[in-house]
Structures are given as C-alpha cells and as structure tokens.
Amino acid sequence: MYTFERFAQEIKQALVATGLLTEDQIDLSVPKAKGATGDLALPCFKAAKAQGGNPAQLAQQLAQQLTLPADGLIGTVEVAGPYVNFSLRQAAFAAEVLHDVAERGEHYGCADNATGRTVIVEYSSPNIAKRMHVGHIRSTIIGQAIANLYACSGYQVVRDNHLGDYGKQFGVMIAAVQRYGRPDAEGEAALEQMEGIYQRYNNLLRDAAAADEEFNPDAEGDLDDEARAWSLKLEQDDPQAVELWQWMVDLTKAANQRNYDRLGVHFDTQHGESFYKHLLGEVINAAGESELAERDNGAVIIKDLPDARGKTLPTFLIQRSDGGTLYITRDIATIKHREATYDPAAIIYIVGQPQELHFRQTFALARALGYTDAELTHVSFGTVFDAQGQALSTRKGNMIYLEALLDESYTRAKALIEQKVAEGKTTLSAEQIDAVAKQVGVGAVIYNDLYQDPKRNITVDWDRMLAFEGNSAPYLQYMHARCCSILREGAPLAADYSAALLVHPTEQSLLKEIARLPEVVREAAERFAPFVIADWLYATARAFSAFYDACSVLKAETAELRAARLHLVDATAQALRNGLALLSIQAPERM
Ligand code: ARG
C-alpha cells in the first residue's frame, strides 16, 4: 500500500471507530472548492441520508468524537458545513513518501501485487513489404506505453504485433519480385524498393489494360494471370510461393526491427494475419450457421448485428462469393485463438480512427459467436499533420517515415545540445553528446504522440517537440538530469536524515506530486491514457522547479536540512525516471 492509500485507510478506520457511521457510508474525495483546506474530505450526505440525519450535524459529531493515532498520517481535522476535511501530518507524510520511493525504486508507482490476469496489447501492426506509415508509428508509440502501463498495474502483458501479411496483393508482389528482382537495400530503404516494384508492376498492369483496348488483347491478361496464379499458389502452400512470401516477411521484420530497437519497443509475439488461417473455416461456419448470417451465391453476409450499445451495425461480409475471406474474418479468428491461448481479461487494439467501424463490427460478432468474454477495446487515434498544418499523405508527398523521423529528430537534438555546450551551459564529451542526442531525439518523437489524448491529431513541429522549456520531453529529461547533477554534487546521501524537516510549502507540494504517481498509473491504465502520465510528469517537473527556486539544496541552512533535501531530490529523480520509463522515454543523467 502507498502513502495516500494508507492515509485514506487511517481516516476510514478512525471514522468507523466512532460508531457514528459504517464503512460503506464512507466515500472520501479530494476537496476541490477554492480555498478548501485538507487533503481528503468526507462528504457526510450519504451517511446522513442513510441515518435520516443532518449532514452538517453528523460532520460536527464525527469531528468531536474522532480519536487519531498519535504517529499517523492524519494531521488536522476540520469541519466545513457537511464536510469533514482531513489534512496530512506533514512530517509523517514526507517520511512515508520518501520511504515508499526508496523501498520500491524503479517499481515505485506500480501495483504491489500481480492481478494474475493477462492483457493482450496489440500495436504497431504494419503491413509486410511496405514501410510503416504515420498510423503505424502512432500505434507503435501509444501501444508501447499502454502495454507498459498494464504491466505496471500488475497484469501479465502480451505485446502482439499483428502483421498484415495476408491478401491478394502478395500475389502481385511475388510476380513483381520475379520480374524485377529482389531489393538490394537494407532497412526502410529495402521496403521502399519493394513498394517501388509493386507500384511498377501495377503500372504495367494498368498500361497493359489501356493498350489492350486498342490492339493487344492478351497483354493485361497475362500479367494479371501471373499475379493471380502466385496468389493461388500461396494459398495452396506451394513451396516456392511460400518461400518468397516468407522472405518478404523476414525482410520487413528485419527492417522494422531497427526502428523498434531505437524506440525501445519489443514484442512477445509477432503473428501475422495468416497465422490464423487454419481457424477461418470454423469462423465462417459458426457465423454462417448463426441467425445473423445470410448466404448469397457463396458469400456469407452478416446483417442487423447490434453493437455493444445496441446500435445496429451496417451489413458486412465475412466470406466473399469466390470463397475468399476478409480482414474481419481474420480478426475474429485471431480472437478465437487468443481466447484459447491466453484466456485474456482484456484485448486492447491500438489502431487509427478510420478503423473504428471495423472494430465495432469485429467485437460485436466475436461476442455474438461467444468467442470471448475478455473486455475488447479499440484505442483509436487521430492523424498527423506537418508544421504547415497539412495532413501527411503519400499522395501529397509529405509523408514521414519512421527511420527518417528518428534520424531528423536525432540530428536536430544533437545540434541543440552542441549549441548548449558551445554556450558553456553544460560540459559533455563528444560521446556523451551523441548518447544524449539519441535519447532526447527519440524522447521528443515519443512524447509528441503521448502528451495529449490519442484521439487528437498531432503535429510534427520540431521547435515545440525539442524545446527545453514547456511540456516537452527534453524539458522533463532536463529536469531529471538537473536532479542527477545536484545529487552528484551533494553525494553521498546521508543514511540517517530527518524527513520531518521538509515542511516548506514547495517541498510539501513536490512530495504530493510524487505521492500521486501510483494512482496516476492506475488512472492512466484504466483510461488507456498515457497523457495522464505525461500530465503528471509535467506537473512534477514544475513542482521540482518551484522547490528548487525557493529552497537551496546544497547550501541549505543546516546540514540536516541539506541531507533531507537531497533525499527529496533523489526521490524526485526516481519518480521522474519511472514516469518517463512508462512512456519508454530514457532519462539521461547529464544533459
Ligand atoms: N495491418 C493493419 C493496417 O495497416 C492494421 C491491423 C490492426 N489490427 C487488427 N487486428 N486489425 O491497417
């Protein structure tokens, strides 16, 4: 249990001990009224109502009859109308918060106990033989943070990269590779070449179709047949087709891995859609036999399916008339597999807003077929705009790919840090500059995706992303590095110190921010909202800055105060580091 929870528990115990109310009549809340005193309040309405009494009177009685533990966390008790307000005892509070942080270290903020339940977080999920577009980048970054949050909340997390490796276009791609040869580049450039030859083959098909109308009736037919034949061979597990397809899968995975490594992203499984193909027949049969289905010329159609809120969903297919399956069929099969393999408490999909309807349909059908009782959530996110306010698009030619994005961020971060060094604001070796530029560059890209609600659109605005002031990754990293530098100068930390000395308002405010991390983690996970962590980080960094402006650490008035403040700085650094780690942002010790 963490300090704030212990505080609440002490209050409850003291209240129940009066015999004036029962535990279920107690709902503590944080006083919000302007000028309200106290850290937790008991509104007496519920209890008074249950007893047929007057809330203000009950509040008075409670305050008179409370006995507080002598060395507990409760300081003062005040009545304000129908509320009883409880304030923290500052000395005990400071000691307990610092103790919580020191005891748990890098786990500070996380749940103390495992839930014993599994959560599947599916994110990134790019398509084979293509570069990741901004949607995949957002999914990668947001998904990684949500997976971290669930792991920290005591869940067993399965991080799943659901690759798009299935479909007719793979026939075209194989035909194109046969015709033009395999790409010779590496990394994202190899994928760019794949896109290029795919495009070239498609152009050929299109030109042949146009020419065809005039004089060459066979041209398009031949090319088209070639692609179709490969597609069929792939479906029938022809070894050569499978080999070529597998080669594309490996090439893509290797190329993406370089970016994942830079971002600190890893997965537990990377099954593509095709992995679930053995389940497609069962899914189509089960759905086809249900009363939801209509069959038409071999096609299986789902009509009038209500979604979770009872709204009727638009009609959709789960089998084409040629027997082919659809994206949704494969998603349903995936759910069936996951249920059997992991018995998950929840499956969380991080996919862009354009697929919202797809997931409503997927979830509704999976439920209707009784395939899972897991909580199914689509965390959807908005688009990305460039600094000129244009949505990024391949067609407009302003698309940003991940490798280039990370490269540019690194280059810009490096220039900024070199400038700081040149101005004498910091001293770093060439090696350190490089390492810090990497951490700051990646951090800026990640934070840009996470500092606000994922539903909102984001802008790639380098000046804001890399600003060392304001709500940005470099600012948070810088505040952490600042703590580290104070700790280096003040080393070693005294083993014995008196936290009771930390009663300055800015010290208490900073302690309160630090103490909030556990509940902030819970809230962020529950709401699928990494920005709740970002908000907390920013608030904590500012609280630290206010403390540092008001209180001297290294030159504190007494040696005892200096020792206590150094411990506060140490706890701040740890808490900031933990918060940043939840977003997969690194915390350099020097900047
Ligand atoms: N590969 C898909 C795309 O690029 C995203 C997959 C999302 N996940 C899913 N289970 N459908 O659009």
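In each ligand, atom 1 is the first atom listed, and ligand 1 is the first ligand listed.
Remark: ligand 1 atoms within the under-4.0 Å shell around heavy atoms of Asn127 are 1 (N), 2 (C), 3 (C), 4 (O). Atoms of ligand 1 lying under 4.0 Å from at least one heavy atom of Val351, given by number and element, are 7 (C), 8 (N). Interface atoms of ligand 1 facing Tyr327, defined by a heavy-atom separation under 4.0 Å, are 2 (C), 5 (C), 6 (C), 7 (C), 8 (N), 9 (C), 11 (N).
Among all non-hydrogen protein atoms, the one lying nearest atom 8 (N) of ligand 1 is Glu122 OE2, 2.7 Å.
Using 4.0 Å as the threshold, Arg330 has no heavy atom nearer than that to any atom of ligand 1. Contact between His136 and ligand 1 is present, with at least one heavy atom of the residue lying under 4.0 Å from the ligand.
Neither the backbone nor the side chain of Tyr123 comes within 4.0 Å of ligand 1, counting heavy atoms alone.
Residue-to-ligand polar distances place Gln355 within reach of ligand 1: an N/O pair is separated by less than 3.5 Å. Remark: ligand 1 and Tyr349 share no N or O pair separated by less than 3.5 Å (distance only, no angle test).
Judged purely by atom type and a 3.5 angstrom limit, Asn127 has no side-chain atom pairing as donor or acceptor with the backbone of Lys130.
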(message) ring pair (Phe, Tyr, Trp, His ring centres under 6.0 Å), that's the test. Do Tyr123 and His162 meet it? Break it down for me.
(response) CA-CA 7 Å; Tyr123 58 108; His162 190 72; over 10 Å; no
(request) Decide yes or no on salt bridge (charged side-chain N to carboxylate O under 4.0 Å, His left out) for Glu356 and Arg360, but give the supporting numbers first. (result) CA-CA 6 Å; Glu356 213 160 84; Arg360 276 168 63 213; over 6 Å; no
(message) For Tyr447 and Met465: C-alpha separation, side-chain torsions, deciding distance, then whether side-chain contact (heavy atoms from CB on, under 4.5 Å) applies.
(response) CA-CA 8 Å; Tyr447 200 71; Met465 287 162 67; over 6 Å; no
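For the pair Arg200 and Tyr180, the cation-pi criterion (under 6.0 Å, within 45° of the ring axis) is fulfilled.
For the side-chain contact (heavy atoms from CB on, under 4.5 Å) test with Ile332, the passing option among Thr325, Leu326, Ile284, Leu369 is Leu369; the others fail.
Looking at heavy atoms from C-beta onward, Pro530 lies out of side-chain contact with Leu582 at the 4.5 angstrom threshold.
With respect to the salt-bridge test (charged N to carboxylate O, under 4.0 angstrom), the residues Arg131 and Glu192 qualify.
For atom 10 (N) of ligand 1, the nearest non-hydrogen atom from the set Asp331, Asp165, Asp160 comes from Asp331. Nearest-heavy-atom check against atom 2 (C) of ligand 1 across Ser124, Gly272, Ser125 picks out Ser125.
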